[in-house]
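Protein chains get the first letters and strands the later ones, always in sequence-line order, with residue 1 at the start of each. If you're wondering where the values come from, they're calculated on a predicted model, not measured in any experiment.
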Amino acid sequence: MNIIVPIKQVPNLTDELEINDEGTDLAHDMLQYVLNEFDEHALEEAVLIKESVGGTVTVIGVDTTGELDGILHLALAKGADKAMKITGDFTPGTPSHVQAQLIADAIRPMAPDIVLTGVQAADDRDGQIGPMLAAYLNIPYVGVVTGVSISNGKAVVHKEYAGGVMAEFIVTLPMVVGVQAAHQPPRYAPVSKIRQIAKTARIEEIAGAETAQAGSTVRRMFKPEAAGHAEMWDGSPDEIAEKIADLLAEKGLLKRTA
Amino acid sequence: MSNDIFVLAEHFKGKVTDITYEMAGKARQLATALGGQAVGVLLGSDMAALATSIGADRVLYVDDPALAHFNPEAYGRVVQALIQKHSPRVVMIGSTSMGMDLAAWLSITTGLPLIAYVNGLAVENGTLVATSQIYGGKIQAEAVPDGEACIVSCLAGAFPADAGRVEAGQTAPAVETIPAPVSLDNLKVGFVKWIEPAGGDVDITQQAILVSIGRGIGGAENIELAEELAAALGGAVSASRPVTDAGWLPKTRQVGKSGLTVKPKVYLALGISGAPEHLEGMRNSELIIAINTDPKAPIFDVAHYGATCDMLDLMPALTEAVRARQAA
């Protein structure tokens with residue numbers, strides 16, 4: 001099977017995010033970029049499919065930062081067979097519509113059997129890449145998927161709704177899957193393996209021409225004001241435990257044992 | 001192009017879901033400002049009765065057996081055709097499992113811009129302004145569509161549901177039932193069946209006290225500390241998504257956007273950072289106490305009380321303290 005995994009690099013959300021001087025975007029040059037965590041799940045699900053029915057897994061992404069290679073090496077260390085990057089005059093914060101169009105143009109001639117990508121990313125202000133890819137490639141899409149299995153040229157996917165309820169769909173390939181979670185946690189790639197791959201891996205470059213647009217313009221980007229904040233307690237775990245127990249008792253919430 | 005606001009209704013297990021009402025109420029407000037109507041769009045099979053509770057000016061109900069259960073391909077084709085036929089000003093779609101299969105796909109197939117993760121909508125001088133919550137809830141982006149018409153996908157809880165329900169004594173909307181406007185033959189996506197979650201031993205939505213654990217639990221082997229605390233309190237253990245995704249607890253214990261919404265008397269959030277998707281599921285709990293080693297964790301913005309000690313030390317200590325008071 002020809003399995004393709006489009007990926008995106010996103011700002012590391014555990015870092016402090018700063019707004020640019022114009023107040024219309026993040027100050028991107030101050031940020032560190034990591035692999036979108038949902039794409040990590042998509043990659044794991046792709047590798048599991050390969051291990052189950054055979055094939056090759058190709059990861060591909062738009063290089064918006066000039067630093068995509070590190071993420072592609074990580075993906076290869078996690079089981080991808082091939083890595084490709086789309087290059088051009090792109091900047092961080094390139095909208096999803098543009099990334100989807102660039103990726104669709106690049107992978108259309110590859111005639112994938114199945115495309116797996118993360119169901120969403122933290123910077124998807126103009127929407128998610130998976131469904132857009134499916135529309136550009138004119139193939140079906142099912143998202144929020146937590147399990148994919150292949151049989152007889154069809155994919156059986158489990159789509160998740162609230163409360164753990166799922167729907168089973170059977171889909172004629174090729175298709176795009178928006179992965180919520182792989183059916184096992186993404187495998188770990190040791191740093192030593194990533195370093196080794198960085199020395200030997202060949203990343204194929206494709207020149208991309210941007211034709212799509214986000215379709216809307218941000219006039220103001222800002223950090224929301226929190227409506228309130230918790231009253232913070234100091235102390236050792238034992239002291240905090242006493243405070244919580246006192247509070248619960250005070251509110252009549254501690255059940256008495258017989 | 002009309003000035004109508006389309007609201008894509010959602011139904012689940014035979015009922016219209018709250019997000020439909022939230023969007024309908026907002027749609028009526030926008031329609032008044034833009035000089036159009038709020039139009040509910042409901043897709044289903046033998047479900048016309050569901051349309052009458054939707055507080056829109058009118059409802060278009062598309063009836064076809066292929067629409068009985070949500071199917072992204074079937075629903076996508078129908079909604080695309082309706083948009084192309086009626087040219088609404090704004091199409092409101094929920095940012096939900098169903099809506100996220102459709103909104104971005106429709107943006108490409110209809111050519112309309114999409115503004116996603118919307119938690120604020122207003123009309124300024126005849127222009128729609130949409131505010132999106134992005135970057136894990138850390139950032140708000142206020143945007144204007146480049147053209148006149150657009151699609152917006154709306155976060156659950158962004159707008160009040162009551163504003164979009166038809167109250168007793170009010171007139172129900174006019175409902176027009178139509179057949180599918182396009183062929184629903186030769187679908188590549190086939191709905192097979194619903195699968196209810198396993199491990200339905202505990203209904204966390206009915207618990208008065210929840211001991212809720214996040215990534216900070218570290219591993220499955222530490223869960224028994226939470227179970228002991230929950231037992232001492234007469235409550236149950238719930239969890240955030242990373243814990244259930246890792247398979248350490250069943251999905252039925254998950255609190256949040258893709259899990260369950262809970263409103264217990266006490267919600268102990270242990271090692272939970274407070275991502276917006278989690279907050280959506282528990283922010284209306286009566287008493288929220290949060291423990292997280294990161295003082296900047298967003299959970300502290302909604303919690304009533306908090307501390308930055310280690311949850312693995314706190315749990316046994318609290319179990320002791322609770323038992324001591326109960327025995328006294």
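Most heavy-atom pairs under 4.5 Å with chain A: of the set Ala143(B), Ala130(B), Gly136(B), Pro113(B), this distinction falls to Ala143(B). Interface summary for chain B: among Thr217(A), Leu247(A), Thr172(A), Val142(A), the most heavy-atom pairs under 4.5 angstrom belong to Thr217(A). Between chain B and the options Gln120(A), Arg219(A), Gln101(A), the largest number of non-hydrogen pairs under 4.5 Å is found for Arg219(A). The residue among Ile209(B), Ile204(B), Leu287(B) with the most heavy atom pairs within less than 4.5 Å of chain A is Leu287(B). Of all the listed residues (Ser273(B), Ala208(B), Ser258(B), Pro72(B)), the one sharing the greatest number of non-hydrogen pairs under 4.5 Å with chain A is Ser258(B). Ranked by heavy-atom pairs under 4.5 Å with chain B, the first of Leu253(A), Thr14(A), Leu26(A) is Leu26(A). Taking chain B as the reference chain and counting heavy-atom pairs below 4.5 Å, the highest number among Lys251(A), His41(A), Gln180(A), Met221(A) is found for Met221(A). Counting heavy-atom pairs under 4.5 Å between each of Ala135(A), Gly178(A), Gly235(A), Pro140(A) and chain B puts Ala135(A) at the top. When the candidates Ser236(A), Gly127(A), Gly228(A) are compared by the number of heavy-atom contacts under 4.5 Å with chain B, Gly228(A) comes out ahead. When each of Gly147(B), Ala104(B), Ala103(B), Ser132(B) is checked for heavy-atom pairs under 4.5 Å with chain A, Ala104(B) comes out on top. Put simply, of Gln254(B), Glu73(B), Lys193(B), the one with the most heavy-atom pairs under 4.5 Å next to chain A is Lys193(B). Of the listed residues Lys188(B), Lys251(B), Met98(B), Gln133(B), the one with more heavy-atom pairs under 4.5 angstrom with chain A than any other is Lys188(B).
In terms of heavy atoms, Gly306(B) sits closest to Ala230(A) at N-CB, 3.9 Å. In plain terms, the two heavy atoms of Ala232(B) and Thr319(B) that are nearest each other are CB-CG2, 4.1 Å.
Interface remark: Val255(B) contributes no atoms to any contact with chain A (heavy atom separation under 4.5 Å). If you measure heavy-atom distances from Val189(B) to chain A, the contacts under 4.5 Å come from both the backbone and the side chain. Interface residue Ile289(B): only side-chain heavy atoms are found under 4.5 Å from chain A. Interface residue Phe70(B): backbone and side-chain heavy atoms are both found under 4.5 Å from chain A. Within the 4.5 angstrom heavy-atom criterion, no atom of Ile129(A) approaches chain B. Gln140(B) touches chain A through backbone and side chain together, each having a heavy atom under 4.5 Å away. Neither the backbone nor the side chain of Leu173(A) comes within contact range of chain B; no heavy atoms are under 4.5 Å apart. In this structure, no portion of Leu133(A) lies under 4.5 Å from any heavy atom of chain B. For Pro185(A), the part lying near chain B is the side chain, with the backbone staying farther off; criterion is any non-hydrogen pair under 4.5 Å. Contacts between Lys13(B) and chain A at a heavy-atom distance below 4.5 Å involve the side chain alone, from C-beta outward. Proximity to chain B (any heavy atom under 4.5 Å) is shown, for Val119(A), by both the backbone and the side chain. At a 4.5 Å heavy-atom cutoff, the contact between Asp246(A) and chain B is made by backbone and side-chain atoms alike. For a residue to count as touching a neighbouring chain, one of its non-hydrogen atoms must lie under 4.5 Å from one of that chain's; by this rule Glu37(A) touches chain B with the side chain only.
Within the 4.5 Å cutoff, the side chain of Pro11(A) has heavy atoms near those of the Leu17(A) side chain. Using a 4.5 Å heavy-atom cutoff, the side chains of Val262(B) and Gln207(B) are not in contact. Residues Asp123(A) and Lys8(A) form a side-chain contact, since some pair of their non-hydrogen atoms from C-beta on lies under 4.5 Å apart. With a 4.5 Å cut-off on side-chain heavy atoms, Met100(B) and Gln128(A) count as touching.
Note that CG of Asp146(B) is 12.0 Å distant from CG of Leu112(B), once rounded to the nearest 0.5 Å. Distance check: Leu102(B) CG to Gln80(B) CD gives 11.0 Å after rounding to the nearest 0.5 Å. A distance of 5.5 Å separates CE in Met166(A) from NE2 in His158(A), rounded to the nearest 0.5 Å. Here Arg323(B) contributes atom CZ and Leu233(B) contributes atom CG; the two are 10.0 Å apart, rounded to the nearest 0.5 Å.
Summarising the local packing, CD of Gln213(A) is surrounded by 12 or fewer heavy atoms from other residues, nucleotides or ligands at distances under 6.0 Å. Atom CD of Glu320(B) has 12 or fewer neighbouring heavy atoms from other residues, nucleotides or ligands inside a 6.0 Å radius. The number of heavy atoms from other shown groups lying within 6.0 Å of NZ (Lys243(A)) is above 12.
Tyr117(B) pairs by the ring pair (Phe, Tyr, Trp, His ring centres under 6.0 Å) definition with nothing, not counting sequence neighbours.
Of all residues spanning residues 143-155 of chain A, those with a heavy atom less than 4.5 Å away from chain B's heavy atoms are Gly143(A), Val144(A), arranged by number.
Below 30°, between 30° and 60°, or above 60°: for His69(B) and Phe191(B) the angle between ring planes is below 30°, a parallel geometry.
With no hydrogens or angles considered, a side-chain donor-acceptor pair links His183(A) and Glu45(A) at under 3.5 Å.
Lys296(B) forms no cation-pi arrangement with Phe300(B), by the criterion of a distance under 6.0 Å to the ring centre and an angle within 45° of the ring axis.
Without hydrogens or angle criteria, Glu44(A) side chain to Ala182(A) main chain gives no donor-acceptor distance under 3.5 Å.
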